[in-house]
Amino acid sequence: MINVKQTKKEFLNFFQDKKLKKVLDLGCGKGLMSLFFSKKGIKTKGIDVKELLSEKPDNFEFVLGNVVKEDFGRDNDLIIASLILHFFNKDKVHKLFEKIKKATSKRGYNFIICMSEKDSMKNEGKFFPTKEEILSFYPGWKVEKELQDETEIEEHPNVPPHKHNLIFLILKNEQT
Ligand SMILES: C[S@@+](CC[C@H](N)C(=O)[O-])C[C@H]1O[C@@H](n2cnc3c(N)ncnc32)[C@H](O)[C@@H]1O
């Protein structure tokens, strides 16, 4: 069983000694993942359909927009997609993966956190993948760090207490 906050931190620590110049955080929410990088002076951009950040930290650019339409730029050393993929239709998500990979630098990283096919909130039309399904989008990329596990029981307003089954993956672009 995992604590999501702690596991996110543990995965973020993987990047502690990596030389990153540019980070893009898709569906950044309150920007907690982004802050880890912007605080270190790394140029970080977050895109979200909702403006949830109360203040804009240094080195952080927030774009209010839909990741389907926004330009991801090029040569991002790290693109994060944390808990956003379940919003996407299963049959359309490949377009997002292509866009993410195209915008990642050579030897750059993708950090994915998503609800798996074992998640209690699984919705048939949406993307709740197996780890293998995610990896099928990444031929030629190396798995640097991975984990799949159930979360502790979570309680949010308007839904009964529930657990999630999450996949954490850090992938490195090793294509030539
Ligand atoms: C569960 S939150 C995750 C926030 C953050 N990534 C994290 O891990 O803490 C999902 C976020 O994705 C955003 N989102 C959903 N669909 C989006 C889209 N198509 N484009 C941009 N943001 C989106 C939501 O507004 C929300 O802030």
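In listed order, ligands and their atoms are each counted from 1. We number each residue from 1, following the sequence as shown.
Relative orientation of the His164 and His156 rings is tilted, given thresholds of 30° and 60° on the angle between their planes.
Side-chain contact of Gln16 with Lys40: a donor-acceptor pair under 3.5 Å is present, judged by distance alone. Looking at Gln148 and Ser116, their side chains do bring a donor and an acceptor atom within 3.5 Å of each other. If you check the side chains of Thr104 and Asn173, you find no donor sitting under 3.5 Å from an acceptor.
Among protein heavy atoms, the minimum distance from atom 27 (O) of ligand 1 is reached at Asp48 OD2, 2.7 Å. Closest to atom 4 (C) of ligand 1 among all protein heavy atoms lies Gly27 O, 3.4 Å. For atom 17 (C) of ligand 1, the closest non-hydrogen atom of the protein is Ile84 CD1, 3.8 Å. For atom 2 (S) of ligand 1, the nearest protein heavy atom (residue, atom name, distance) is Leu83 O, 4.0 Å. Atom 22 (N) of ligand 1 has as its closest protein heavy atom Val49 N, 3.3 Å. The protein atom (non-hydrogen) at minimum distance from atom 15 (C) of ligand 1 is Phe87 CD1, 3.4 Å. In this structure, atom 3 (C) of ligand 1 lies nearest to the protein heavy atom Ser82 O, 3.6 Å. Counting only heavy atoms of the protein, atom 7 (C) of ligand 1 lies nearest to Lys8 NZ, 3.4 Å.
Inter-residue side-chain proximity for Ile79 and Leu24 is flagged as met; some heavy-atom pair is nearer than 4.5 Å.
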### Task
Could you walk me through whether Val143 and Ile170 pass the side chain to side chain contact (heavy atoms under 4.5 Å, CB included) test, one step at a time?
CA-CA 6 Å; Val143 176; Ile170 295 177; over 6 Å; no
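The aromatic ring centroids of Phe15 and Phe36 lie 6.0 Å or more from each other. Within the 6.0 Å centre-distance limit, the rings of Phe168 and Phe11 are counted as a close aromatic pair.
Atoms of ligand 1 found under 4.0 Å from any heavy atom of Asn66 (numbered from 1 in listed order, with element): 18 (C), 19 (N), 20 (N).
Within the structure, the closest approach of Gly65 to ligand 1 falls below 4.0 Å when heavy atoms are considered.
Proximity of Leu52 to ligand 1, defined as any heavy-atom pair under 4.0 Å, is confined to the side chain (atoms from C-beta onward). At a heavy-atom distance under 4.0 Å, no atom of Lys30 approaches ligand 1.
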